[in-house]
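Numbers here are sequence positions counted from 1. Worth saying up front: this structure is predicted, and the values here are computed from it rather than measured. Hydrogens, waters and symmetry mates play no part in the numbers below; they use all other heavy atoms, side chains included.
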Amino acid sequence: MLEVGNGNMSTEEYRCHFSLWSLAKFIILQAPLILGCDIRSMDNDTFELVSNKEVWSGLLSGDRVAVVLTNRGPSAATVTAEWSDIGLNSSVIVDARDLWEHSTTTMIRNQLDATLDSHACKMYVLTPH
């Protein structure tokens with residue numbers, strides 16, 4: 001059960017929690033969504049998180065890869081995923097779709113990195129060229 005919207009976590013922590021559920025959904029065909037909050041009284045931040053259509057999208061097709069970069073540390077940090085960390089050949093060039101920002105960065109080589117606040121995350125779908 002997801003704790004998104006139950007209190008005791010920041011919006012960034014809820015985003016990470018929901019991103020990790022979504023990653024499981026990409027991998028496991030039918031990872032059910034069970035929200036632990038009262039949907040009748042969820043705040044706008046929670047509603048925006050759980051209604052993000054890009055995060056809800058179905059299974060990945062082709063050679064696309066889903067990646068969640070997470071900063072579990074107490075302060076801001078740059079988090080990096082090398083292509084070898086995520087099963088991509090070092091020569092691959094990708095476009096990275098940020099599912100929370102609804103933006104795409106094109107022609108990325110060798111690694112994906114993001115500077116993240118404490119307990120924050122970024123979720124991407126990488127599409128190789």
message: Please check: side-chain N/O of Asp117 versus main-chain N/O of Ser75, any donor-acceptor pairing under 3.5 Å?
response: no
- prompt: Side chains of Arg97 and Thr105: closer than 4.5 Å at any heavy-atom pair?
  reply: no
message: Using the rule that Ile, Leu, Val, Met, Phe, Trp and Tyr join whenever any side-chain heavy atoms are under 4.5 Å apart, tell me whether Val68 and Val125 fall into a single cluster.
response: yes
statement: Closest non-hydrogen atoms of Tyr124 and Leu69, given as atom of the first, atom of the second and distance, are CE1-CD1, 4.0 Å
- prompt: When hydrophobic residues are tied together by side-chain contacts of less than 4.5 Å, even through go-betweens, does Phe18 share a cluster with Met9?
  reply: yes
query: How many angstroms lie between NE2 in His119 and NE2 in His17, if you round to the nearest 0.5 Å?
result: 14.5 Å
Residues clustered with Ile93, ILVMFWY side-chain links under 4.5 angstrom: Met107
query: Can you tell if the side chain of Leu112 reaches within under 4.5 Å of the side chain of Glu82, non-hydrogen atoms only?
result: no
field: Nearest non-hydrogen partners of Trp83 and Ile108, listed with the distance
entry: CZ2-O, 3.6 Å
Residue Asp43 excluded, over 12 heavy atoms near CG under 6.0 Å: yes
message: Test your reading of the model: is there a side-chain donor-acceptor pair from Asp45 to the backbone of Leu49, 3.5 Å cut-off?
response: no
task: State plainly whether one hydrophobic cluster holds both Trp56 and Leu20, where clusters connect Ile, Leu, Val, Met, Phe, Trp and Tyr through side-chain heavy atoms under 4.5 angstrom apart.
output: yes
field: Residue pair Cys16 / Ala120: nearest heavy atoms and the distance that separates them
entry: SG-C, 3.4 Å
- request: Check step by step if side chain to side chain donor-acceptor pair (under 3.5 Å) holds for Thr78 and Thr115.
  value: CA-CA 4 Å; Thr78 299; Thr115 301; 3.1 Å; yes
field: Exercise: identify the closest heavy-atom pair between Val94 and Pro128
entry: CG1-CA, 3.9 Å
field: Minimum heavy-atom distance Ala66-Leu23, with the two atoms named
entry: CB-CD1, 3.6 Å
Exercise: identify the closest heavy-atom pair between Ile86 and Ala81: CG2-CB, 4.3 Å
query: Do side-chain atoms of Glu13 reach the backbone of Ser10 as a donor and acceptor pair under 3.5 angstrom?
result: yes
- prompt: With no hydrogens and no angle check, is any side-chain donor or acceptor of Thr46 less than 3.5 Å from a backbone partner on Met42?
  reply: no
query: Any side-chain heavy atom of Val65 sitting closer than 4.5 Å to one from Leu88?
result: yes
query: Just how far is it from atom NE2 of His129 to atom CZ of Arg109, taken to the nearest 0.5 Å?
result: 9.0 Å
Nearest-0.5 Å distance that lies between atom CG in Leu99 and atom OG in Ser19: 8.0 Å
- prompt: Can you tell me how far the OG atom of Ser90 sits from the CD atom of Gln111, to the nearest 0.5 Å?
  reply: 12.0 Å
query: If only atom types and distance count, is the side chain of Ser22 paired as donor or acceptor with the main-chain N or O of Val55 below 3.5 Å?
result: yes
field: Trp100 (side chain) donor-acceptor with Cys121 (main chain) under 3.5 angstrom
entry: no
task: Inspect the surroundings of CG in Asn89 and state if more than 12 heavy atoms from other residues, nucleotides or ligands are less than 6.0 Å away.
output: yes
field: Expected output: side-chain Asn71 to main-chain Leu116 donor-acceptor under 3.5 Å
entry: yes
task: Sort out for me which residue in Val67, Asp113, Asp98, Thr70 forms a side chain to side chain contact (heavy atoms under 4.5 Å, CB included) with Lys122.
output: Asp98
- prompt: Quick one: side chain to side chain contact (heavy atoms under 4.5 Å, CB included) partners of Thr106, sequence neighbours excluded?
  reply: Asp95, Thr104
Connected via hydrophobic side-chain network under 4.5 Å: Trp21 and Leu60: yes
